[in-house]
Amino acid sequence: MPISLDSLLGPMPEALNLRARRNELLASNIANADTPNYKARDIDFRAVMRNAGDEQLRLASTQSGHISTSADTYAGIPLKYRVPAQPSMDGNTVDMQQEQAEFSSNSVMYQTTLEFLGRKFSGIKSTLRGE
């Protein structure tokens with residue numbers, strides 16, 4: 001009976017990848033905290049994971065003059081603008097405290113997902129050894 005690695009691991013590899021990409025995006029927000037007119041971006045993790053298995057409807061572009069209908073994405077993941085509580089005068093929407101809190105929270109969730117994935121592999125190894 002063939003066993004699929006995807007069915008054994010579930011959504012954890014995709015969640016780990018998404019957490020890593022979100023950390024990159026949040027780090028970019030923090031790095032551009034002093035850049036005028038920079039708009040802070042983020043990924044709606046729950047929405048992306050909820051729609052992970054769904055196929056999205058796309059319009060076919062058959063000629064070079066067709067305008068792309070795809071939403072703004074970061075490595076294929078839809079992005080959202082963060083709404084600042086207090087916008088700055090130069091148009092920058094990065095709130096350092098919020099970005100640092102989101103970055104810390106996402107890092108903890110990344111480590112937790114990595115730990116779960118490691119335990120899953122340990123369980124698979126134990127099962128294969130017959131322990």
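The shown structure was predicted, so the numbers you read here are calculated from the model rather than taken from an experiment.
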| Within 6.0 Å of CG in Asn17, more than 12 heavy atoms from elsewhere | yes
| request: Give, for atom CG of Leu117 and atom OG of Ser122, the distance between the pair rounded to the nearest 0.5 Å. | output: 10.0 Å
| message | With clusters defined by side-chain heavy atoms of hydrophobic residues (ILVMFWY) lying less than 4.5 Å apart, directly or transitively, does Met109 cluster with Met12? | response | no
| task | Calculate, to the nearest 0.5 Å, the distance between atoms CE and CG belonging to Met49 and Asp44 respectively. | result | 12.0 Å
| said: What's the separation between atom CD in Glu115 and atom NZ in Lys120, rounded to the nearest 0.5 Å? | reply: 14.0 Å
| task | Please round to the nearest 0.5 Å and tell me the distance separating atom CG of Asn29 and atom OG1 of Thr93. | result | 7.5 Å
| field | salt bridge (charged side-chain N to carboxylate O under 4.0 Å, His left out) between Asp42 and Lys80, intermediate numbers included | value | CA-CA 5 Å; Asp42 199 358; Lys80 296 188 182 265; over 6 Å; no
| Side chains of Val48 and Pro78: does their closest heavy-atom pair fall under 4.5 Å? | yes
| request: May I ask you to say whether Lys125 pairs ionically with Glu131, meaning some side-chain N is under 4.0 Å from a carboxylate O? | output: no
| Test item: Ser105 side-chain N/O and Ala101 main-chain N/O as donor-acceptor pair under 3.5 Å | no
| field | Within-4.5 Å side-chain heavy-atom neighbours: Ile124 and Leu8 | value | yes
| query | Between Phe45 and Arg22, is there a cation-pi geometry (under 6.0 Å to ring centre, at most 45° from the normal)? | reply | no
| field | Whichever hydrophobic residues join Val94 through chains of side-chain contacts under 4.5 Å | value | Leu26, Ile30, Tyr38, Met96, Phe103
| query | Once you round to the nearest 0.5 Å, how far does CZ of Arg21 lie from CG of Leu16? | reply | 11.0 Å
| Phe116, Tyr110: one ILVMFWY side-chain cluster at the under-4.5 Å cut-off? | yes
| query | Do the side chains of Asn37 and Asn92 get nearer than 4.5 Å, heavy atoms only? | reply | no
| Do Val83 and Ile43 share a hydrophobic cluster, counting only Ile, Leu, Val, Met, Phe, Trp and Tyr and linking them when any side-chain heavy atoms are less than 4.5 Å apart? | no
| said: Within the 4.5 Å heavy-atom criterion, are Leu79 and Leu25 side-chain neighbours or not? | reply: yes
| message | Show the nearest heavy-atom pair for residues Ser88 and Asp90, with the distance to one decimal. | response | OG-OD1, 2.6 Å
| task | Go through the steps for Arg82 and Lys39 under the test side chain to side chain contact (heavy atoms under 4.5 Å, CB included), then give the verdict. | result | CA-CA 8 Å; Arg82 192 180 307 283; Lys39 307 297 181 211; over 6 Å; no
